[in-house]
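Read the structure below first, then the notes.
These numbers come from a predicted model, not from an experiment. Every chain is numbered from 1, with letters handed out A, B, ... down the list of sequences. Keep in mind that the numbers below use all heavy atoms, side chains included, and drop hydrogens, waters and symmetry copies.
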Amino acid sequence: MTDTSDLRSPTPDPYLSMDLLRFTTAGSVDDGKSTLIGRLLYDSKSIFEDQLEAMETSSKARGDENVNLALLTDGLKAEREQGITIDVAYRYFATPRRKFIIADTPGHIQYTRNMVTGASTANLAILLIDARKGVIEQTCRHAFIADLLRIQHIVVCVNKMDLVDWSEEVYQNIVKSFREFSSRLQNIVEVTFIPASALIGDNIVDKSTNMPWYQGPTLLYHLESVYVGADENHVEARFPVQWVIRPHSDEWHDFRGFAGRVAGGVFKPGDEVQVMPSGFTSKIKAIYSMDEKLEEAFAPMSCTMTLEDEIDISRGDMIVKPNSPPEPSQDIEAMICWFSSGKTLSGRGKFLLRHTSKEVKAMVREVKYKVNINTLHKIEDDLEFKLNDIGRITLRTSAPINADAYKKNRITGSFILIDEHTNETVAAGMIL
Amino acid sequence: MNYTITHLKQLESEAIYILRETAAQFEKPVMLFSGGKDSIVMAHLAKKAFWPAKVPFPLMHVDTGHNFPETMEYRDAFIKEMGAKLVIGSVQDAIDAGKIKEESGARASRNGLQTYVLLETLEEGGYDAAMGGGRRDEEKARAKERFFSHRNEFGEWDPKNQRPELWNVFNGRKHFGEHFRVFPLSNWTEMDVWQYIMAEEIPLPSLYFSHERDCIIRDGVIMAVTDCLELLPEDVPEKMTVRFRTIGDATCTGANLSTAATLEDIIAEVAAARQTERGTRADDKRSETAMEDRKKAGYF
């Protein structure tokens, strides 16, 4: 990467060296989620005067006593009328260190599909616990979804500490019971506990003076400093080809570039590569980001590669390294979340399966079990998937896909199922 | 080794991925181009995505006829340099042909008429995906927008029945007559756009930089005096030092008092701003759900 910021201004502009953190929040009306997001946005000066005025006007019209910060995230008419968040809302704020993308999702069980959607691109999840209520069913559900979607960093924010007299004992009990539950989860790398009061502002942006017994970071400090660079897989090289660039111009007569976004590993000019599924090998000639030649490319960079040899490569193929190829397979075992409200899934359903840039037909061979996402118990007597159901199935595809385990790679380990007749996205899948 | 990239590179990489996905998944995509900074950034990203080949789709300008001359000059030079084809959907032509009726009075706006012309031009050209520079941070209804946003055969948006989008797998499948709107800049903020313009040294229309011009203040919004703005008796034009944060139809895009003459100045101004950029858009002020209502009907 060339950073030219220092060429333009005498002091390097911090905005040009910021990185990005995507996080998700899930919660219902009462646990203070909107207040928390409102505080992060407001204290980082990301709420503007005209937005605040619009909120004040709407709050008054609704008869709310204080400015209702939920009105900021609930953007659709139906959401404001019903006072609930229906869809995933994306919010943005930045500090001099990082830009943040919040996928704000509703917490109720009927919106599991929205939580799954929001979690799919997040590096970190904030789980809100009301200090008066402790770990409840909803907490476990959110933790399960975060774990299923392989969010590696969890922040358990024990909110409303002001309502339990800032009690360390209450806080420690919650920490203990969450740890008991989370020991059954598999993917979470790091759990950070923060006692807070979003309403008063304690430990959100500013350190609390009410809880001297807590020595850890504030929420914002943690969000700014948590290291997520290791979340991508930089070992097994994966480059799904999206588009083949053939300029047909005099200047670039023989140019054949393979365009895509690196999904894993590190590619460098000179590296030996293998093309899946044909298995042909070649060497990387050059890697371009427009007219700039790159020394290396890694996830999540978009680039264009040229190879030394003329090999037939098209969209849907994958360029990998021969020392760690994916396993092309027609038999896929996966956890899925069912998204369709109109259709259900029972054995032998037929769908289109989209995996990276490849689309194949797929048939459900077996439904193994569903999961009760509140208790984590397996359900084996009712195997029909309805909206929001999560469970394990096996699929047979019409052609091999270059599958990785979702645990190893979130991009090459995930797929969606599409109903051929309605074109609806009916399920999200994570390969086991 | 530290394998991280800056937030601007992440956003760039994501947008390029979306643009390539659009070219691959649709038969006849088109890119909407208004001459505003967001569409300029989007077109710049398209150049990057397909280099050294030409961009594999045309650009479309929905022309309200109420243009700042600076925007038109910029548009023509930009498209020539890019070697792209330009498709124009003309609101004036549609009015002249009696297909749509113009609002009357000094506060009349051609904003609503754009939707008709946009849908008609898409249909006439047989375009099945229209890429737009809309961003989720612009407005609350846009915060719920997808990257690949489905439109029914009437061009309408159904916000309650959108396809879920997970990871970076996008579903652009559709029935005959339906189309998609695609928003490669969904995750960008106004600040990101400005930082990117500076980092990439992208030239912009002069309207974005501070200059002196005749303006009036109407309903608290500073409006530039142009040939297409109808003046009321109480309107007294005066010289002001202004710049534009967004550029749209000249009759409904307000200016800001500003002395920001360079990109550095503008970034400092955006960082300190306490109003959203659409705060000066008269078209959004018509009602609380003005944007959601227009989007449902097929607006950008």
Measure from the ring center of B/Y17 to the ring center of B/F147 and say whether it is less than 6.0 Å.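 No; B/F147 has its ring centre 6.0 Å or more from that of B/Y17.
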Structural part of [X] lying under 4.5 Å from a heavy atom of chain B:
X: A/S249; answer: neither
X: A/L352; answer: side chain
X: A/R354; answer: both
X: A/T422; answer: backbone
X: A/E251; answer: neither
X: A/Y90; answer: both

Which answer fits B/E21, side chain, backbone, both or neither, if we ask what part of it has an atom under 4.5 Å from a heavy atom of chain A?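 Looking at B/E21, backbone and side chain both touch chain A.
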Pair A/R261 + B/E14, salt bridge at N-O below 4.0 Å: no
For A/N423, enumerate each residue passing the side-chain contact (heavy atoms from CB on, under 4.5 Å) test, keeping only those at least two apart in sequence or located in another chain. B/R163, B/R173, B/H175
Should B/K54 and B/E81 be marked as a salt bridge (Lys or Arg N to Asp or Glu O under 4.0 Å) after you check the CA-CA gap, both sets of side-chain angles, and the distance that decides it? CA-CA 11 Å; B/K54 289 220 161 74; B/E81 198 265 321; over 6 Å; no
Which residues pass the salt bridge (charged side-chain N to carboxylate O under 4.0 Å, His left out) test with B/K48, sequence neighbours left out?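 Result, salt bridge (charged side-chain N to carboxylate O under 4.0 Å, His left out) vs B/K48: B/E12, B/E200.
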